Amino acid sequence: MRYEVDFLVVGSGIAGLSFALKVAPYGKVCILTKGDAAEGSTRYAQGGIAAVMYDSDSFDKHIHDTLVAGDGICDREVVEMTIREAPDRIRELVQYGVNFDREGGGDRFDLHREGGHSEFRILHHKDNTGEEIERGLLEAARRHPNIDIKERQFAIDIITQHHLGQRVTKHTPGIECYGVYALDCDTNRIDTYLAKVTLLATGGMGNVYSTTTTPVISTGDGVAMVHRARGVLSDLEFMQFHPTSLYNPAEKPAFLITEAMRGAGAVLKDRNGKEFMQKYDERLSLAPRDIVARAIDNEMKLSGKDYLYLDARGIGKKHLIEGFPTIYAKCLSIGIDITRDMIPIRPAAHYQCGGIKVDRNGESSIKHLYAAGECSCTGLHGGNRLASNSLLEAVVYAHNAAMSAIETVGDIPFKSEVPDWNAEGMVLNEEMVLITQTKHELQEIMWNYVGIVRSDLRLQRAFDRLNLIFRETEDLYNRSVLTEPLSELRNLIACSYLIIKMARARRENVGLHYSLDLIEKKV
Ligand code: FAD
Ligand code: SIN
């Protein structure tokens, strides 16, 4: 099938839905989403969204905290723009129907605090903020007559001059996006979506690693698509590991224990019940994430244990049960009463700071192709994202991208000469087991050699092993018909390759990139 739409959005998380709602009055919008519309990292966000809403806080403080967490390599102008825009974007979320907790049921927002924040400035909805945001935005999008949400549609590749038979390299000037090819996961048909403007809002790539808080859909598809289309990517060495995921090895993805709990007074302890953060940072359990995750990693290695503890008992039973009902119920379901017991935790891959390089308008290096949310790299996060700045970045850049797209959409024609996808290939019966095994192998390689602490040798090992996996998988791809699992595996391999490549190129320890071979070179 061939479709023509003014605005094509790939992804139905906070970034995709926010953009869609803004452009919908100006043309037909089609949202493609590979699973159920509500599934994505957004719905699992716990802590909340950071913004300066009252005079007790200030933009300067939020800007300062973001720059400090980013370890000196954020784009300062982007930081200033994003943080100053935040209150307007929050008010819009409320207008779309998103509820944030208010103090004592009044007008004033109840604000939490998380690691790296000097003030209480996290708007939240109990400990399930993301679910509330996703609900509010999805309901608003479903009500809009110009928005068509198509579930179980897997975007495979963005369409460029390459698909018209031209040779496209990363040096080709003026690469253009004409839409995407997408696999209908119910019929296995590959459809052609032509669009005037395309937005990638495909989320993160946490599944590159064996332990991650991100849902199974987070396989770096948008980044891999732009890589194949020869677009510009940046900062992928900065994978953020959340310090406190619930230690429950059989469970995938790992359940998150929000940093807001540490903001409310919970502290990290070793297996003997002793605090240890004083050895690493004067901000203790509320230091920025890169520092806390490395400290936990070190303590785990020193003790030979595979988990440590978060002690939340000091917060008090009433506050724990009422303020963190999801975490309370989850822990109770596996026999841990957080009002009485310490919570076993370990770090898990959580957030990709890098991604598709975009300008202030959210536009990528490929014409008519925008990116927003976790798949993009705006410069806001630098070497390490400040907690709860991700949802904020997504709404700010969805807005900017929408404003730019609305201005240009009228002048962009559909590229009707784009051919349909060539679906040749065989159905290979052995495919599924090969894909599952290869994915596990890849995730272990990345966890063991390209994790929180790296070294030149570990990166080289990962690279060599990845090469073999890449060749085997490309062979499979060339012989078989395309399926979602195979496409995801190729994307995970591409993202792993890019992480390793950028990690090897980064010759100083900064933010989340930490190599044993570079310790002396820290400036
Ligand atoms: P997502 O919400 O991940 O949505 C991605 C969408 O893209 C999905 O709809 C998916 O189906 C679709 N998609 C992907 N690939 C394809 C494809 N090939 N074809 C079609 N569709 C595709 N950040 C904060 O700021 N505050 C928090 O409190 C917070 N808590 C978090 C807690 C957890 C457990 C996790 C995992 C993350 C948390 N984060 C938090 C990070 C934040 O939630 C995410 O960065 C953000 O929600 C990403 O939004 P998004 O719209 O970019 O992507
Ligand atoms: C959390 O609630 O700890 C996650 C916040 C974030 O990832 O920004």
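Every value quoted in this text rests on a predicted model; they were computed, and no experiment measured them. We count ligands from 1, going down the list as the structure has it; atoms in each ligand are counted the same way.
Inclusion of Gly204 in the set of residues having an N or O under 3.5 Å from an N or O of ligand 1 is not warranted. Residue Asn389 places no N or O, backbone or side chain, under 3.5 Å from any N or O of ligand 2. By the 3.5 Å distance cut-off applied to N or O atoms, Lys34 is counted among the residues near ligand 1. Taking only nitrogen or oxygen atoms, main chain and side chain alike, Ser218 does not reach within less than 3.5 Å of ligand 1. The N/O atoms of Gly47, backbone and side chain alike, include one that comes under 3.5 Å of an N/O atom in ligand 2. Taking any N or O of Ala15, backbone or side chain, at least one lies under 3.5 Å from an N or O belonging to ligand 1. Residue Glu114 places no N or O, backbone or side chain, under 3.5 Å from any N or O of ligand 1. Inclusion of Ile14 in the set of residues having an N or O under 3.5 Å from an N or O of ligand 1 is warranted. Considering both main-chain and side-chain atoms, Thr213 never comes within under 3.5 Å of ligand 1 through any nitrogen or oxygen pair.
By the neighbour-count criterion of 12 heavy atoms within 6.0 Å, atom NE2 of His64 is sparsely surrounded, having that number or fewer from other residues, nucleotides or ligands.
Between Arg289, Gln46, His350, it is Arg289 that holds the heavy atom closest to atom 5 (C) of ligand 2. Of the candidates Gly47, Gly48, Gly206, the one placing a heavy atom closest to atom 26 (N) of ligand 1 is Gly48.
The Asp221 neighbourhood of ligand 1 comprises atoms 15 (N), 16 (C), 17 (C), 18 (N), with distances under 4.0 Å to a heavy atom of that residue.
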For this session: Could you give me the CA-CA distance, side-chain angles and deciding distance for Glu474 and Arg490, then say whether salt bridge (Lys or Arg N to Asp or Glu O under 4.0 Å) is met?
Result: CA-CA 8 Å; Glu474 285 309 285; Arg490 290 184 79 225; 3.0 Å; yes

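Between His163 and Tyr178, the distance separating the two ring centers is not shorter than 6.0 angstrom.
Contacts with ligand 1 closer than 4.0 Å are made by heavy atoms of both the backbone and the side chain of Ser12. The side chain of Leu256, and not its backbone, has at least one atom closer than 4.0 Å to an atom of ligand 1 (non-hydrogen atoms only; side chain from C-beta on).
Between the Asp148 side chain and the Cys30 main chain, no donor and acceptor come within less than 3.5 Å of each other.
For the ligand labelled ligand 1, residue Ser388 lies inside the 4.0 Å heavy-atom shell.
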